[in-house]
Asker: 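Quick one: this structure, given as structure tokens, is what I'll be asking you about.
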Amino acid sequence: MSAPKKIRLNKAEKNLCLQYADKEFVLPAEYLRVYSPSAEVRGHGASDGTLVDGKIRVGIDKVAAAGRYALQIFFDDGHDSGIYTWAYLRELCDTQEEKWQSYLKQLQAQGKGRDPDESAVKLIG
């Protein structure tokens, strides 16, 4: 998979714009953070991953090339260990809606939320 033709960080809008030959994509920082390819998020095995919650306000401080094959994203919550290969970034672009809906369903199923200042409360009657 080849690199995007253009990569633009929009700090104010908290997103990353990736321009490919066939299409342009806008990936929100929150989406990139919760789908980080880092071992911290994805785990070391098939079922070791961690559901990241409370990142609705996360931003991106900067991005940097990781060799000729990937991008490193530095989030404003201190997370910077994920190396986003060109192939993985394109996958995140092409499957954004499905992955996002899956993420929202997982949050709901685990009683977690996107906002760190809100928590799911169960009322016991």
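Computed from a predicted structure; not experimentally measured.
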Asker: Could you work out, with side-chain contact (heavy atoms from CB on, under 4.5 Å) as the rule, every residue matching Ala65, not counting sequence neighbours?
Answerer: none

Asker: Each residue besides Ile83 in its hydrophobic cluster should be listed here, by chain and number; the cluster joins Ile, Leu, Val, Met, Phe, Trp and Tyr at side-chain heavy-atom distances under 4.5 Å.
Answerer: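 Its cluster mates, by chain and number, are Tyr69.
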
Asker: Determine whether Leu89 and Leu32 make a side-chain contact, defined as any pair of heavy atoms from C-beta on separated by less than 4.5 Å.
Answerer: yes

Asker: Output every pair passing side chain to side chain donor-acceptor pair (under 3.5 Å) with a member in residues 20-36, not counting sequence neighbours, ordered by first then second residue.
Answerer: Asp22-Arg90, Glu30-Arg114, Arg33-Asp77, Ser36-Ser38, Ser36-His79

Asker: Restricting to side chain to side chain donor-acceptor pair (under 3.5 Å), what partner residues turn up for Gln19, sequence neighbours left out?
Answerer: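 By the side chain to side chain donor-acceptor pair (under 3.5 Å) rule, Gln19 matches no residue at all.
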
Asker: Roughly how far, to the nearest 0.5 Å, is the CH2 atom of Trp86 from the CD1 atom of Ile7?
Answerer: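 Atom-to-atom, Ile7:CD1 and Trp86:CH2 are 4.0 Å apart.
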
Asker: State, with a plain yes or no, whether a side-chain heavy atom of Val58 is found less than 4.5 Å away from one of Lys14.
Answerer: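 SC-SC contact between Val58 and Lys14 ruled out.
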
Asker: Could you state the interatomic distance from CZ (Arg42) to OG1 (Thr50), rounded to the nearest 0.5 Å?
Answerer: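 That separation rounds to 9.0 Å.
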
Asker: Who are the side chain to side chain donor-acceptor pair (under 3.5 Å) partners of Arg57, not counting sequence neighbours?
Answerer: Asp115, Asp117

Asker: Once salt bridge (Lys or Arg N to Asp or Glu O under 4.0 Å) is applied, what residue pairs with a partner in residues 63-73 remain, sequence neighbours excluded?
Answerer: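 Output for this query is empty, none listed.
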
Asker: Under a 4.5 Å side-chain heavy-atom rule over Ile, Leu, Val, Met, Phe, Trp and Tyr, are Leu92 and Leu51 clustered together?
Answerer: yes

Asker: If we only count heavy atoms from C-beta on, is the Pro28 to Gln96 side-chain gap below 4.5 Å?
Answerer: yes

Asker: Quick one: does any side-chain atom of Asn15 pair with a main-chain N or O of Val26 as donor and acceptor, under 3.5 Å?
Answerer: no

Asker: Do Val41 and Val34 come close enough that some side-chain heavy atom pair is under 4.5 Å?
Answerer: no

Asker: Working to the nearest 0.5 Å, report the span between CG of Leu107 and OH of Tyr103.
Answerer: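 One finds 4.0 Å between CG of Leu107 and OH of Tyr103.
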
Asker: Is there a side-chain contact between Ile56 and Pro116, using heavy atoms and a 4.5 Å cut-off?
Answerer: yes

Asker: So, for Asp53 and Gly113, which heavy atoms are closest and what is the spacing to 0.1 Å?
Answerer: CB-O, 3.3 Å

Asker: For Glu98, what residues pass the side chain to side chain donor-acceptor pair (under 3.5 Å) criterion, not counting sequence neighbours?
Answerer: none

Asker: Just jot down the side chain to side chain donor-acceptor pair (under 3.5 Å) partners of Ser102, sequence neighbours excluded, or say none.
Answerer: Gln106

Asker: Checking Glu13 now: which residues fulfil salt bridge (charged side-chain N to carboxylate O under 4.0 Å, His left out) with it, not counting sequence neighbours?
Answerer: none

Asker: For Asp61, is there any backbone N or O sitting under 3.5 Å from a side-chain donor or acceptor partner on Lys11?
Answerer: yes

Asker: side-chain contact (heavy atoms from CB on, under 4.5 Å) with Val63: which residues, sequence neighbours excluded?
Answerer: Leu16, Ile60, Leu71, Ile73

Asker: Applying salt bridge (charged side-chain N to carboxylate O under 4.0 Å, His left out), can you list everything that pairs with Lys99, at least two apart in sequence or on another chain?
Answerer: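 Lys99 satisfies salt bridge (charged side-chain N to carboxylate O under 4.0 Å, His left out) with Glu91 only.
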
Asker: Quick one: closest heavy-atom pair of Phe75 and Ala29, and the distance?
Answerer: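 Closest pair (atom of Phe75, atom of Ala29, distance): CE2-O, 3.5 Å.
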
